[in-house]
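Reading through the structure tokens given below for one structure.
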Amino acid sequence: MTAPETGTSRSTVARTMIASLVRAALPPLVAVVTLPIVLGRVSLDDYGLWATITGLIAVLAAIDSGLSTVTTRRVAEARGAGDDAAVVRVTREAVSVALRLAVVVMPVVALAGWPILHVIAPPDLLVTGMWLWLGVVVYQTVGWYFAMEAAVATGLQRGDLANAANAVGALVGALVTVLAVLAGLGVYGLLAGMWALGIVTLIGHLRNARHLTGTTAVWRPQRAADARALMIGGFALASLQASLLVEPAVAKAVLSAWDGPEAAAAMQLGFTVSRMALVAAMAPTAAILVGVSEWRDTQPERIAGLVRNASYASLALVSVLAAVMLATGPYVAEAWLGITVPGIGVAIRTLSVVTIATIVVWLFTQTLLGHGNTRPVTVRLAVGTAVSLVGMVVAAPTVGLAGVVAASFVGACVSAVLLARIDAEYAGIIWRAAGRIGPGMVVLGVVGAVVVDWLAPTDRWAALVAAVVALVVAVAVVWVLLPGATRRLMVSTVR
């Protein structure tokens, strides 16, 4: 039996990027079917409560993200050293740490739900909110486990397999959600879909881990001699996800408290639409973390080229999608997704710009973490996140949704500036890529928004045509903006 291809190479990175694009295309396609059904049968109050609960508990995913990032880096280092046994060992140790943490953390979170719900939920939704809270805690516990197994594929530069498992889970979860809502379960149908997503995704990542390592031992925990160091590193790297999890959760909670569930629902739906840009653009950044970890001791001369090409690829992807969302997002959301929530246009358009800033931060973090700069990265991300959170609390009562998004953007910019000071060589590469791609594509999106607002396409096909035209124009413009060497590399990679 031929061993699966692993390690950083043009083919493995290309497969990861293609799989990420397919996965990024799934949410809007699935949303075309699911959101009109969900919003037609679940009240905005219920949906806003669901969005707030899932956002708050999703903060826990920052912990498993930190642990999985450590595991991904350790797996890549073991792969670079040619030590297959170490790949299995470090994964099992990560599983052990994650499960031990879950035993302590999850019961505390479950008990904390009741007092929190008294703050964020109307009195008539307290019981419903508590059941939803407990159900999401169960899902998150399963998520901690499969995140460690997913790190095997990511660390071996087989993100295509990890993306495939996530995509299948998302499709099955969406199907179960629709069937459950149609069956009359209401907001509990969303919980049923979440559970289905978790179970199917878990099965997919378990299968991938066994396939890539050749053993089911990778599924089982093994006590780590350096468990404390691994845990500390995981908590430190949890700040990687802070801006993606903590900020949205706080944003929805603040808006829910000041403007009511409808504002939280608008924020949630804006995140749902804009998140596809982040998912697509994060694939090349993951390749940076794995490639730098794998090459830093054996082939350091290749790292600058990897960072340069991955930066352009990430920024091109996110900028194209951001420009399309800026221009046509509100109209596509209303015509195809049936979203008429007040403030949804502001949420989609402003969050699309934030996605570009978020990817710049992500490029810095992945590059620096690949070199082991855990502490300085953590401190700078914490500062940027703090700026965002304070800005949200200050802006929400006076400016509302737009102020909350602006605070998130400012925090991302602060993080990027602080991270750039750690390593001037890589900072120059990333800033040049961001300066070459980002501003021009934002201007393009704003011009597109003005034109589309003037045309005001209200029916489904007019909105779709506007989105397709915006996509074609955005792809053409970003292709011109890319350096010639990067364009040639992309063409040769596809071939």
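Please read all numbers here as calculations on a predicted model, not as lab measurements. Just so you know, residue 1 is the first one in the sequence shown, and it goes up from there.
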Quick one, Leu190 with Asp46, criterion side-chain contact (heavy atoms from CB on, under 4.5 Å). Give me CA distance, side-chain angles, the key distance, then yes/no. CA-CA 11 Å; Leu190 302 178; Asp46 283 350; over 6 Å; no

Atom pair CD1/CD1 of Ile356 and Ile437 - distance to nearest 0.5 Å: 10.0 Å

Could I get the full list of side chain to side chain contact (heavy atoms under 4.5 Å, CB included) partners for Pro376, not counting sequence neighbours? Asn373, Arg380, Ile422

Is there side-chain contact between Tyr188 and Thr128, with heavy atoms separated by less than 4.5 Å? yes

Return the set of residues passing ring-ring contact (aromatic ring centres under 6.0 Å, His included) with Trp114 (not counting sequence neighbours), or none when no residue passes. His118

Please report the closest heavy-atom contact between Gly411 and Val387, naming both atoms and the distance. CA-CG1, 4.2 Å

Go through the steps for Glu149 and Val95 under the test side-chain contact (heavy atoms from CB on, under 4.5 Å), then give the verdict. CA-CA 8 Å; Glu149 299 297 326; Val95 169; 3.4 Å; yes

Spell out, as yes or no, whether a donor-acceptor pair under 3.5 Å connects the side chain of Ser314 to the backbone of Ser311. no

For Val109, the side chain to side chain contact (heavy atoms under 4.5 Å, CB included) test, sequence neighbours excluded, returns Leu60, Val105, Trp133, Val137

Taking every heavy atom of Ala102 against every heavy atom of Trp144, the minimum-distance pair comes out as N-CZ3, 3.5 Å

Any side-chain heavy-atom pair from Val187 and Leu49 closer than 4.5 angstrom? no

Looking at every heavy atom in both Gly186 and Val181, which two are closest together, and how far apart are they? O-CG2, 3.8 Å

Taking all non-hydrogen atoms of both residues, which atom of Ala94 and which atom of Thr71 are closest, and how far apart? CB-OG1, 3.1 Å

Rounded to the nearest 0.5 Å, how far does OG1 of Thr213 lie from CZ of Arg92? 10.5 Å

With Asp84, which residues qualify under side chain to side chain contact (heavy atoms under 4.5 Å, CB included), at least two apart? none

Where is the tightest heavy-atom contact between Leu363 and Ala310, given as atom of each residue plus distance? CD2-O, 4.3 Å

Residue set satisfying ring-ring contact (aromatic ring centres under 6.0 Å, His included) with Trp219, at least two apart, ordered chain then number -> none

Distance check, rounded to the nearest 0.5 Å: Ile53 atom CD1 versus Leu132 atom CG? 5.0 Å

Exactly one candidate in Val172, Thr177, Leu179 meets side-chain contact (heavy atoms from CB on, under 4.5 Å) with Leu175; the answer is Leu179

Quick one: side chain to side chain donor-acceptor pair (under 3.5 Å) pairs with a partner in residues 416-430, sequence neighbours left out? none

Distance check, rounded to the nearest 0.5 Å: Thr72 atom OG1 versus Leu156 atom CG? 9.5 Å

When you measure from the side chain of Ser388 to the backbone of Ala407, do you find a donor-acceptor pair of N or O atoms at a distance under 3.5 Å? yes

What residues form a side-chain hydrogen bond (donor to acceptor under 3.5 Å, both in side chains) with Arg308, not counting sequence neighbours? none

Quiz: residues 196-210 side-chain donor-acceptor pairs under 3.5 angstrom, not counting sequence neighbours:
{"residue": "Thr201", "atom": "OG1", "partner": "Leu197", "partner atom": "O", "Å": "2.7"}
{"residue": "His205", "atom": "NE2", "partner": "Asn166", "partner atom": "OD1", "Å": "2.9"}
{"residue": "Asn208", "atom": "ND2", "partner": "Leu161", "partner atom": "O", "Å": "3.0"}
{"residue": "Asn208", "atom": "ND2", "partner": "Gly204", "partner atom": "O", "Å": "3.4"}

Does the side chain of Tyr139 come within less than 4.5 Å of Leu191's, by heavy atoms? no

Quick check for you: to the nearest 0.5 Å, what is the distance between Leu381 atom CG and Leu419 atom CG? 5.0 Å

Pairwise distance CG(Leu101) to OG(Ser96) - rounded to 0.5 angstrom: 9.5 Å

Please enumerate all residues that pass side chain to side chain contact (heavy atoms under 4.5 Å, CB included) together with Val394, with sequence neighbours excluded. Val390

Before giving the answer on side-chain contact (heavy atoms from CB on, under 4.5 Å), spell out for Arg89 and Arg74 the whole-Å C-alpha distance, their side-chain angles and the decisive distance to 0.1 Å. CA-CA 10 Å; Arg89 175 178 55 79; Arg74 296 177 76 196; 4.1 Å; yes

Reference residue Ser415; test side-chain contact (heavy atoms from CB on, under 4.5 Å); the match among Val360, Val361, Thr358, Val383: Val361

Stepwise side-chain contact (heavy atoms from CB on, under 4.5 Å) test for Met194 and Thr54: CA-CA 10 Å; Met194 176 179 278; Thr54 53; 3.8 Å; yes

Give me the atom names and distance for the closest heavy-atom approach of Ala151 to Ser68. CB-O, 3.7 Å

